[in-house]
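This is the structure, below, for whatever I ask next.
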Amino acid sequence: METPLLKAPQKRQVTAIIILLILLMLWEVGGMTIKYSVLEERESGSFVANLAKDLGLGLGELDARGARILSKGNQQYLQLEQKSGNLLLKEKLDREELCGDTDPCILHFQVLLKSPVHFIQGELQLRDINDHAPEFLENEILLKISESSQPGTAFPLKIAQDLDVDVGINNLRNYTISSNAYFHINVRDGGEGNVYPELVLDGVLDREEIPELNLTLTALDGGSPPRFGTALIRIQVLDINDNIPEFVQSIYKVQVPENSPVGSLVVAVSARDLDTGTNGEIVYAFFYATEEILKTFRINSTSGKLHLKAELNYEAVQTYTLTIQAKDGGGLSGKCTVVVRVTDINDNPPELLMSSLTSPIPENSPETVVAVFRIRDRDSGNNAKMVCSIQDHLPFVLKPSVENFYTMVTESPLNRESQAEYNITITVTDLGTPRLKTQHNITVTVSDVNDNAPAFSQTTYTLRVRENNSPALHIGSVSATDSDAGANAQVTYSLLPPQDPQLPLASLVSINADNGQLFALRSLDYEALQLRLTLTAQDGGSPPRSGTVQINIEVMDVNDNAPKFEQPLYRVQVSEDSPIGFLIVTVSATDADIGVHGEISYSLFQASEEICKTFEINPMTGEIRLKKQLDFERIQFYEVNIEARDAGSFSGKCTILTQVLDVNDNAPEVTVSAFTRQIPENSPEVMVAVLSVSDLDSEENGKINCTIQDDIPFLLKSSLENFYTLGHFPGHLVDVSGTGTLSQSYQYEVCLRGGSGTSEFKFLKPIVPNIQGHSPGPEIEDNTNDSKNSSQALMKSVVVQIVAVE
Ligand SMILES: *[C@@H]1O[C@H](CO)[C@@H](O)[C@H](O)[C@H]1NC(C)=O
Ligand SMILES: *[C@@H]1O[C@H](CO)[C@@H](O)[C@H](O)[C@H]1NC(C)=O
Ligand SMILES: *[C@@H]1O[C@H](CO)[C@@H](O)[C@H](O)[C@H]1NC(C)=O
Ligand SMILES: *[C@@H]1O[C@H](CO)[C@@H](O)[C@H](O)[C@H]1NC(C)=O
Ligand SMILES: *[C@@H]1O[C@H](CO)[C@@H](O)[C@H](O)[C@H]1NC(C)=O
Ligand SMILES: *[C@@H]1O[C@H](CO)[C@@H](O)[C@H](O)[C@H]1NC(C)=O
């Protein structure tokens with residue numbers, strides 16, 4: 001197998017300085033060739049051979065004959081030492097430079113002898129030394145090997161070069177590779193010293209395991225030690241579609257609330273393909289899908305994300321099972337299953353389906369079924385559990401019956417009269433989150449049963465008439481109400497036949513059957529009638545119910561009489577000292593009418609202010625009393641008019657003539673008009689004082705008897721009416737002290753006393769006049785009074801002090 005690149009003679013000689021000279025001298029006519037051999041890379045001046053000796057010339061002969069070395073080209077490799085005849089290297093020679101691949105490397109030269117002229121051919125062979133290492137033209141070798149390559153497959157590698165040509169010794173001889181698990185190197189011999197490396201696959205490659213491998217290729221020559229060069233072998237393992245896409249999970253289970261919006265992500269499936277490139281490019285798709293699935297989901301072929309395409313509805317589909325395929329570019333595919341469970345959301349309110357509803361329902365009925373209904377909820381679980389109720393305080397109850405059926409029945413008999421209509425709200429609530437509810441309103445009406453009789457608002461009615469009414473007079477109305485409805489409440493009035501069969505009721509009173517208005521059929525007589533009737537009100541029910549009431553008809557009096565006084569004129573005398581409240585007289589009037597029409601009220605009629613101030617009359621009793629003190633001296637006579645009035649407009653009048661009687665209620669008044677206080681003694685009759693007397697009373701009560709004491713020397717003379725003069729009367733002097741003369745220093749008090757016929761002269765202190773006149777002073781207690789028995793004499797005294805002067 002080996003193919004040597006170069007001929008490699010089995011000659012082993014390494015000589016540094018000593019030149020092995022093989023001289024072949026071929027002498028022939030016309031020429032001779034000398035051959036030398038020398039190692040490359042010797043220093044210049046190195047000895048090659050002794051030419052003189054090799055030519056058989058004696059010492060100095062070469063010089064003498066003018067020997068010279070000629071080269072074919074310009075370059076001279078050798079130089080000749082003339083004297084010694086030694087041939088030396090003119091310079092260091094590089095075999096590779098001078099000969100390259102040519103082997104053997106022969107440099108031709110000529111030796112010229114001038115005299116005589118003679119040419120000798122010469123050959124210098126440059127022998128190779130190992131002065132080059134193997135070398136790769138590229139230090140990186142890229143190898144692409146399919147992972148499907150079989151073991152044993154050989155991959156030829158690029159060779160290295162070694163400039164040295166010494167086949168098998170200095171040039172390339174072997175290749176090695178860095179140790180690895182997959183490859184070994186095989187070096188083939190190409191003959192003539194040429195070796196060719198090839199990489200042989202030992203095992204199976206797996207790109208998915210080792211996608212790339214770096215190996216170091218070393219080229220070695222045969223030197224000792226060998227020289228070497230390296231190159232990097234980069235092996236790329238080429239992919240084949242040897243992997244199927246594989247899902248991360250074979251089954252995906254997800255729960256999705258049914259209210260998830262369209263477009264929401266359900267799940268992201270993911271598959272892996274170990275291959276690369278299109279072999280590893282995965283496309284997701286539904287493997288097998290029903291129309292329902294295709295309608296509901298979409299899958300992103302690149303990302304594997306499963307999205308909702310339509311709304312879910314738990315109530316319609318609870319579970320979807322999808323098969324999803326992942327396919328690579330090479331056509332391999334894997335599958336997974338996605339189970340989508342739709343979870344229930346409380347999105348359906350309960351429903352109520354009314355099966356039957358009875359309305360109206362008759363009142364007073366025992367337990368009655370009003371409604372039958374069914375409830376349902378399309379959700380599930382708690383979302384579908386329901387609670388059903390109606391309002392509190394209704395006379396109805398809900399009774400659950402078979403599965404979700406309910407009946408609503410009356411709890412107790414109903415009474416239309418208390419409530420005729422019920423608005424019932426049935427509320428159905430589910431127990432989901434959030435709670436959803438449905439309300440259903442029904443109106444149940446209660447129909448009437450004739451369970452109420454007509455009722456009158458009063459137990460008895462008393463109706464009044466005037467007497468002497470016109471016939472067909474409306475005398476009043478009665479009214480009964482019936483709390484039932486319709487015909488059951490339609491009331492008809494009628495009069496029951498009188499208990500006294502003699503009473504001609506039908507000719508007296510009639511009633512309007514429809515409205516209860518009573519009419520008198522003829523003129524009723526006050527004196528004759530006091531009617532007592534029984535009236536019925538009957539409703540239109542079947543059977544009918546009725547109520548009765550007692551009616552009293554009283555014929556009413558008319559105010560056709562005026563009040564009349566017993567006497568038109570009353571004469572009375574009243575003493576002026578009668579006290580306030582004194583009953584003067586009681587008048588009395590009568591009225592022929594009865595009742596209010598006969599009720600009389602008394603009052604003063606057209607009374608003057610004076611009369612109003614003086615008298616008062618009790619409007620009920622007719623008593624006339626004094627309201628203030630009378631004063632005879634002011635008014636002696638009153639004429640008082642009295643009116644008696646009944647409740648209507650009738651009145652009667654009378655007059656009271658009142659005479660005021662005088663009473664001695666005024667004391668006499670004494671006024672001293674002129675007075676001489678000092679009178680000279682022994683004077684003749686002298687007028688001492690002029691006195692004026694008066695009394696407000698009249699007649700006897702006003703008469704005045706004016707006197708002075710008897711035992712004093714003064715004389716009282718009556719002059720003009722009610723005037724007196726008091727004079728000193730010497731002849732009548734009385735000595736009070738017993739001497740009989742008027743003493744100089746005496747003071748006399750003259751007391752004048754007026755009264756009804758009495759007079760006195762006393763030695764007294766003045767008396768304050770008492771106008772009231774009813775409390776005579778103690779001074780007059782000793783009055784000798786013989787005047788009118790009803791009057792007492794009133795006295796007034798005045799004291800006059802008279803001083804007698806000498
Ligand atoms: C090349 O090298 C290998 C390993 O070093 C060795 O076994 C083999 O004999 C060598 N071949 C030659 C021709 O030297
Ligand atoms: C192989 O060598 C190249 C070049 O040095 C380098 O880029 C690459 O990473 C190496 N690969 C490995 C598997 O070592
Ligand atoms: C699929 O998903 C990829 C990556 O997420 C995205 O770029 C692409 O727009 C999606 N395609 C559709 C049709 O949604
Ligand atoms: C029932 O409802 C109707 C209509 O809203 C209303 O007119 C009526 O008064 C209600 N009846 C009762 C008893 O609440
Ligand atoms: C039922 O009646 C109630 C109370 O009157 C009222 O609030 C509600 O709106 C009614 N519902 C319906 C559905 O008519
Ligand atoms: C007056 O009174 C005196 C003394 O009391 C008496 O004597 C006399 O008769 C009286 N006069 C008259 C007119 O009454």
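Numbering of residues begins at 1 and proceeds along the displayed sequence. Just so it is clear, the structure is predicted and the values come from calculations on it, not from any experiment. Indexing begins at 1, ligand by ligand and atom by atom, following the structure's order.
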- Query: Can E138 and K158 be counted as an ion pair, charged N to O under 4.0 angstrom?
  - Reply: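 Between K158 and E138 there is a salt bridge, with a charged N closer than 4.0 Å to a carboxylate O.
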- Message: Tell me if the CD atom of Q161 is crowded by more than 12 foreign heavy atoms within 6.0 Å.
- Response: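 For Q161, atom CD is not crowded (no more than 12 foreign heavy atoms under 6.0 Å).
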- Query: Below 6.0 angstrom between ring centroids: does that apply to F109 and Y77?
  - Reply: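 No - the distance between ring centres of F109 and Y77 does not fall below the 6.0 Å cut-off.
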Contacts table for residues 244-251: side-chain donor-acceptor under 3.5 angstrom, sequence neighbours left out:
| residue | atom | partner | partner atom | Å |
| --- | --- | --- | --- | --- |
| Q249 | NE2 | I251 | O | 3.1 |

Contact table ligand 4 N or O to protein N or O, d under 3.5 Å:
| residue | atom | partner | partner atom | Å |
| --- | --- | --- | --- | --- |
| ligand 4 | 2 (O) | N423 | OD1 | 3.3 |
| ligand 4 | 2 (O) | N423 | ND2 | 2.2 |
| ligand 4 | 11 (N) | E421 | OE1 | 2.8 |
| ligand 4 | 11 (N) | N423 | ND2 | 2.9 |
| ligand 4 | 14 (O) | N423 | ND2 | 3.3 |

- Item | Close side-chain approach of P134 to R227, heavy-atom, < 4.5 Å |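 Heavy-atom side-chain distance check passes, below 4.5 Å.
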- Test item: E403 and R376 side chains (from C-beta on) under 4.5 Å apart, heavy atoms: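 Counting from C-beta outward, E403 and R376 never come under 4.5 Å.
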- Item | Interfacing atoms of ligand 2 (cut-off 4.0 Å, heavy-atom, R234) |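 Per the distance check, 3 (C).
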- Task: Would you check if V397 and V409 make a side-chain contact, meaning some heavy-atom pair closer than 4.5 Å?
- Result: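 Result yes, sub-4.5 Å side-chain heavy-atom pair found.
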- Query: Has ligand 2 got any nitrogen or oxygen that is less than 3.5 angstrom from a nitrogen or oxygen of E140?
  - Reply: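 It does not: no N or O of E140 is found under 3.5 Å from an N or O of ligand 2.
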- Message: When you measure from the heavy atoms of L232 to every atom of ligand 2, does any distance fall below 4.0 Å?
- Response: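 Judged by the 4.0 Å heavy-atom criterion, L232 does count as contacting ligand 2.
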